Amino acid sequence: MVGPGLYTEIGKKTRDLLYKDYQTDHKFTLTTYTSNGVAVTATSTKKADLIFGEIQSQIKNKNVTIDVKANSGSNVITTVTVDEIATPGLKTILSFAVPDQRSGKFELQYLHDHAGVNASIGLTANPVVNLSGSFGTKALAVGADISLDTASGNLTKYNAGLSITHEDLIASLNLNNKGDSLTAAYYHNVNQLTGTAVGAELTRSFSTNENTLTFGTQHALDPLTIVKARFNNSGKASALIQHEWRPKSLVTISAEVDTKTIEKSSKVGIAVALKP
């Protein structure tokens with residue numbers, strides 16, 4: 001990516017370091033491929049005494065991708081994505097869920113060397129319209145994210161962000177929740193060869209006068225094994241180890257503990273993702 005990317009890219013490196021792949025549930029994912037190129041993914045997640053299932057199929061034909069996902073809640077979600085339509089960098093996405101008749105959404109994404117724009121509209125009589133954009137370069141980007149409920153005429157979301165990238169350092173600042181919270185994030189790729197990185201995120205809530213500070217790090221024990229750890233100012237510590245035992249097949253074991261009540265709060269999650 002040479003441009004600023006989409007608005008969601010602002011602060012993404014830090015968020016991935018601090019939150020991605022951490023979980024306290026048991027999750028199993030199996031992906032298979034049919035002879036005509038259709039990818040079928042089955043996922044089972046155990047939360048407490050409940051088990052949630054999901055089956056997803058994906059088919060690609062040139063620049064068109066169709067995803068169909070069915071879950072244990074009897075919902076079927078379909079997403080149709082068309083890349084490079086009409087002009088390079090332009091993508092269209094149509095999504096809808098059955099039986100939710102108000103779930104339909106049409107979305108446009110456009111990536112340019114100096115801009116990334118995402119616009120979506122709900123396919124209802126009084127839709128919610130969302131517009132987000134990021135402008136600048138890969139080194140410096142500013143952006144905003146706004147949603148309007150046309151039924152009430154009210155803005156349901158307005159956020160803003162700033163990102164600065166310099167070699168292996170990324171700093172970002174996000175104003176979220178209609179201006180109620182301010183998040184400053186930092187990411188440093190310490191060693192490219194060992195996959196070592198550190199990051200931190202500080203969020204200030206103006207309505208509650210609370211600060212949340214989270215530190216995290218990751219390191220590659222070998223080319224196929226990554227360990228991560230994080231800790232926040234509430235005393236919660238988490239760690240995970242992820243091993244790619246075959247291409248694209250991952251085993252992840254993560255744990256979380258509240259250091260203030262260690263004997264009562266320990267949680268362990270296991271995720272297995274298999275691909276042929």
Side-chain angles (χ1 to χ4, degrees), residues 1 3-12 15-16 19-21 23 25 27-45 47 51-112 115-134 143 145-151 156-157 159 248-250 271-276:
M1 183 181 67
L6 298 175
Y7 177 81
T8 52
E9 295 292 327
I10 296 179
K12 185 177 184 299
R15 291 194 300 272
D16 285 350
Y19 306 110
K20 186 179 179 181
D21 295 326
Q23 65 171 21
D25 305 314
K27 184 176 181 179
F28 178 79
T29 303
L30 174 64
T31 301
T32 60
Y33 297 89
T34 64
S35 58
N36 58 357
V38 178
V40 180
T41 301
T43 302
S44 177
T45 304
K47 296 183 178 182
I51 297 178
F52 301 90
E54 181 179 278
I55 297 178
Q56 178 180 0
S57 61
Q58 182 185 87
I59 184 171
K60 293 183 178 181
N61 183 13
K62 296 182 180 180
N63 63 332
V64 179
T65 303
I66 301 175
D67 284 281
V68 180
K69 184 186 302 183
N71 58 34
S72 53
S74 299
N75 296 313
V76 179
I77 304 167
T78 302
T79 304
V80 181
T81 304
V82 183
D83 287 308
E84 305 291 334
I85 182 173
T87 183
L90 183 62
K91 177 188 294 187
T92 63
I93 304 171
L94 175 65
S95 62
F96 55 91
V98 178
D100 186 359
Q101 298 180 355
R102 295 179 55 84
S103 63
K105 184 173 71 172
F106 179 74
E107 186 174 350
L108 282 174
Q109 291 182 2
Y110 179 63
L111 290 175
H112 184 267
V117 180
N118 187 97
S120 66
I121 183 171
L123 302 180
T124 62
N126 298 296
V128 173
V129 179
N130 179 261
L131 177 63
S132 66
S134 181
D145 183 20
I146 300 173
S147 287
L148 172 68
D149 185 346
T150 59
T156 58
K157 177 175 66 174
N159 304 320
K248 297 182 181 181
S249 294
L250 305 172
V272 179
L274 302 179
K275 289 189 177 183

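As the structure is a prediction and not an experimental result, all values here were calculated from the model.
- Side-chain contact between Val129 and Thr150: present, with at least one pair of heavy atoms (C-beta onward) separated by less than 4.5 Å.
- Of all heavy-atom pairs spanning Val80 and Val64, the tightest one is CG1-CG1, 4.4 Å.
- Atom NZ of Lys27 has 12 or fewer heavy atoms from other residues, nucleotides or ligands within 6.0 Å.
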- Between Asn130 and Asp145, does a side chain to side chain donor-acceptor pair (under 3.5 Å) hold up when you go through it step by step? CA-CA 7 Å; Asn130 179 261; Asp145 183 20; 3.1 Å; yes
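- Residues that satisfy the side-chain contact (heavy atoms from CB on, under 4.5 Å) test with Lys12, not counting sequence neighbours, are Glu9, Arg15, Asp16.
- Contact check for Val40 versus Leu30: no side-chain heavy atoms found under the 4.5 Å cut-off.
- Asn118 places no side-chain N or O within donor-acceptor distance of the main-chain N or O of Ser132, the cut-off being under 3.5 Å.
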- Message: For Asp25 and Phe52: C-alpha separation, side-chain torsions, deciding distance, then whether side chain to side chain contact (heavy atoms under 4.5 Å, CB included) applies.
- Response: CA-CA 11 Å; Asp25 305 314; Phe52 301 90; over 6 Å; no
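- For the atom pair Ile121 CD1 and Lys105 NZ, the distance stands at 12.0 Å (nearest 0.5 Å).
- Distance CG/Asp67 to CD/Gln56: 5.0 Å, rounded to 0.5 Å.
- What you find for Asn63 and Glu84 is that their closest heavy atoms are ND2-O, 4.3 Å.
- Atoms OG and CD, from Ser120 and Gln109 in turn, are 9.5 Å apart once rounded to the nearest 0.5 Å.
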Pairs under 3.5 angstrom only: tabulate donor-acceptor contacts from the side chains of residues 87-99 to other protein residues two or more places apart or in another chain.
none

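- Of all heavy-atom pairs spanning Ile51 and Ser44, the tightest one is CG2-OG, 3.6 Å.
- Shortest non-hydrogen contact noted between Gly116 and Pro4 is N-CG, 4.3 Å.
- Residues Val38 and Ser57 come closest through the heavy atom pair CG1-CB, 4.4 Å.
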- Task: Evaluate the criterion side chain to side chain contact (heavy atoms under 4.5 Å, CB included) for residue pair Leu123 and Phe106; output intermediate values, then yes/no.
- Result: CA-CA 7 Å; Leu123 302 180; Phe106 179 74; 4.1 Å; yes
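- Atom CZ of Arg102 sits about 7.5 Å away from atom CG of Asn126, to the nearest 0.5 Å.
- For the pair Leu148/Ile146, no side-chain contact is recorded, criterion being any heavy-atom separation below 4.5 Å from C-beta on.
- Between Asn61 and Ile59, every side-chain heavy-atom pair lies at or beyond the 4.5 Å cut-off.
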